[in-house]
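These notes are about the structure you will find just below.
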Amino acid sequence: MAVRQRPFHLVVFGASGFTGQFVTEEVAREQMDPEGSSRLAWAVAGRCREKLQRVLERAAQKLGRPTLPSEVGIIICDITTPGSLDEMARQATIVLNCVGPYRFYGEPVVKACIENGTSCIDISGEPQFLELMYWKYHQKAAEKGVYIIGSSGFDSIPADMGVIYTSNKINGNY
Ligand SMILES: NC(=O)c1ccc[n+]([C@@H]2O[C@H](COP(=O)([O-])OP(=O)(O)OC[C@H]3O[C@@H](n4cnc5c(N)ncnc54)[C@H](OP(=O)(O)O)[C@@H]3O)[C@@H](O)[C@H]2O)c1
């Protein structure tokens, strides 16, 4: 399906996890329009429908948005079932992957996203995983015109700040 026609702009995979719940709440908060409903079509994904439903209900309560659970899609998807990863990737423009540890679970998600023309953002803080994905998939991702963005979020900020600090110290020449 052409990227523009996909049902969901964003899918939060692993929304039932400790971090995924915060990510879900933040997505719900950030893309709320002034009338209090969702600006973007988005979904949560994971292997247990009941858990995902509960995450949406908690976010709805916290944000005072009772309609949230009915506005957000639910996709059932398990790392151990490659077909379910393809199905999730096909429905989204961007997958926000919160399922770790990434050295065990990350690669099938990157692969499914690239094969289905979907961009992927993760919250990995695992340098070996990030390097391996770069060497194995950078060329394929470029050919498909998708972005695979690793290591976003709190844990990764000190390393990014270190790069900026060093770059500034050497006048941006590195
Ligand atoms: N960048 C940062 O700042 C930052 C901060 C915190 C954490 N992290 C990283 O984020 C990752 C998640 O951490 P967490 O503490 O949120 O972990 P967690 O609470 O254990 O959550 C793991 C998530 O993965 C899902 N999952 C596990 N196996 C799966 C499978 N076979 N198929 C589909 N989903 C599966 C779990 O689903 P169920 O609910 O069904 O079990 C759950 O939603 C870790 O790698 C951690 O290092 C990064």
Side-chain angles (χ1 to χ4, degrees), residues 6-31 40 42-63 68-69 71-116 118-138 141 146-166:
R6 295 183 178 191
F8 302 115
H9 189 81
L10 188 75
V11 170
V12 181
F13 182 39
S16 58
F18 177 79
T19 316
Q21 296 182 51
F22 291 111
V23 172
T24 301
E25 192 185 311
E26 201 53 33
V27 170
R29 186 182 288 116
E30 278 301 312
Q31 54 72 63
L40 298 173
W42 65 289
V44 289
R47 56 187 173 173
C48 175
R49 180 175 296 277
E50 290 70 30
K51 279 190 184 179
L52 296 169
Q53 193 70 45
R54 278 201 296 277
V55 168
L56 291 175
E57 282 160 10
R58 270 199 300 273
Q61 202 173 19
K62 206 159 171 190
L63 300 173
L68 185 72
E71 291 166 21
V72 181
I74 291 183
I75 299 172
I76 302 305
C77 179
D78 193 313
I79 297 280
T80 58
T81 313
S84 72
L85 292 173
D86 285 331
E87 190 53 38
M88 171 180 70
R90 274 198 287 273
Q91 294 185 64
T93 306
I94 302 169
V95 168
L96 227 167
N97 181 17
C98 301
V99 177
Y102 292 87
R103 64 187 177 284
F104 300 136
Y105 301 142
E107 183 167 356
V109 183
V110 169
K111 192 164 176 284
C113 282
I114 293 173
E115 282 173 2
N116 291 285
T118 309
S119 290
C120 179
I121 302 175
D122 71 46
I123 55 169
S124 163
E126 299 166 49
Q128 277 171 312
F129 165 76
L130 296 164
E131 261 183 48
L132 185 66
M133 292 306 101
Y134 176 78
W135 289 115
K136 278 183 86 166
Y137 295 103
H138 170 72
V146 300
Y147 294 93
I148 303 299
I149 300 173
S151 203
S152 60
F154 168 77
D155 213 13
S156 323
I157 291 172
D160 287 349
M161 287 174 70
V163 171
I164 293 167
Y165 176 82
T166 308

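Residues: numbered from 1 along the sequence shown. For ligands, and for the atoms within them, numbers begin at 1 and follow the listed sequence.
The two atoms that bring Leu52 and Gly46 nearest to each other are CD1-N, 3.5 Å, heavy atoms only. Closest approach of Cys113 to Cys120, counting heavy atoms only: SG-CB, 3.9 Å.
Ligand 1 lies out of reach of Gly46, whose nearest heavy atom is not under 4.0 Å from it. The shortest separation from a heavy atom of Cys77 to ligand 1 is under 4.0 Å, placing the residue in contact. For the ligand labelled ligand 1, residue Glu126 lies inside the 4.0 Å heavy-atom shell.
The N/O atoms of Ser16, backbone and side chain alike, include one that comes under 3.5 Å of an N/O atom in ligand 1. Remark: ligand 1 and Gly17 share an N or O pair separated by less than 3.5 Å (distance only, no angle test). In terms of polar-atom proximity, defined here as any N/O pair under 3.5 Å, Lys51 does make such a contact with ligand 1. Any N or O atom pair closer than 3.5 Å counts here, and Phe18 shares at least one such pair with ligand 1. Close N/O approach between Thr80 and ligand 1 is not found [any backbone or side-chain N/O within under 3.5 Å]. The shortest N or O to N or O distance between Cys48 and ligand 1 is not under 3.5 Å. Any N or O atom pair closer than 3.5 Å counts here, and Tyr102 shares no such pair with ligand 1. Polar contact with ligand 1: absent for Val99 (N/O pair, distance under 3.5 Å).
Contact atoms of ligand 1 toward Ser152: 1 (N) (distance under 4.0 Å to a heavy atom of the residue). Remark: ligand 1 atoms within the under-4.0 Å shell around heavy atoms of Gly14 are 43 (O).
Rounded to the nearest 0.5 angstrom, Lys51 NZ and Gln21 CD are separated by 9.5 Å. Taken from CD in Gln91 to CG in Asp86, the straight-line distance is 11.5 Å, to the nearest 0.5 Å. Expressed to the nearest 0.5 Å, how far CD1 of Ile75 lies from CZ of Arg49 amounts to 10.0 Å.
Between the Thr118 side chain and the Thr93 main chain, no donor and acceptor come within less than 3.5 Å of each other.
Relative to atom 48 (C) of ligand 1, the option among Asp78, Val55, Ile123, Thr19 with the closest non-hydrogen atom is Ile123.
Only backbone heavy atoms of Cys98 (N, CA, C or O) come within less than 4.0 Å of ligand 1; its side chain stays farther off.
Leu132 is not listed as a side-chain neighbour of Tyr102, based on a closest heavy-atom distance of 4.5 Å or more.
Ion pair Arg54/Glu50 not flagged as a salt bridge, since none of the NZ, NE, NH1 or NH2 atoms sits closer than 4.0 Å to an Asp/Glu carboxylate oxygen. In this structure, Lys111 does not pair ionically with Glu107, as no charged nitrogen and carboxylate oxygen lie closer than 4.0 Å.
Enclosure of atom CD in Glu26 by more than 12 non-hydrogen atoms of other residues, nucleotides or ligands within 6.0 angstrom is indicated.
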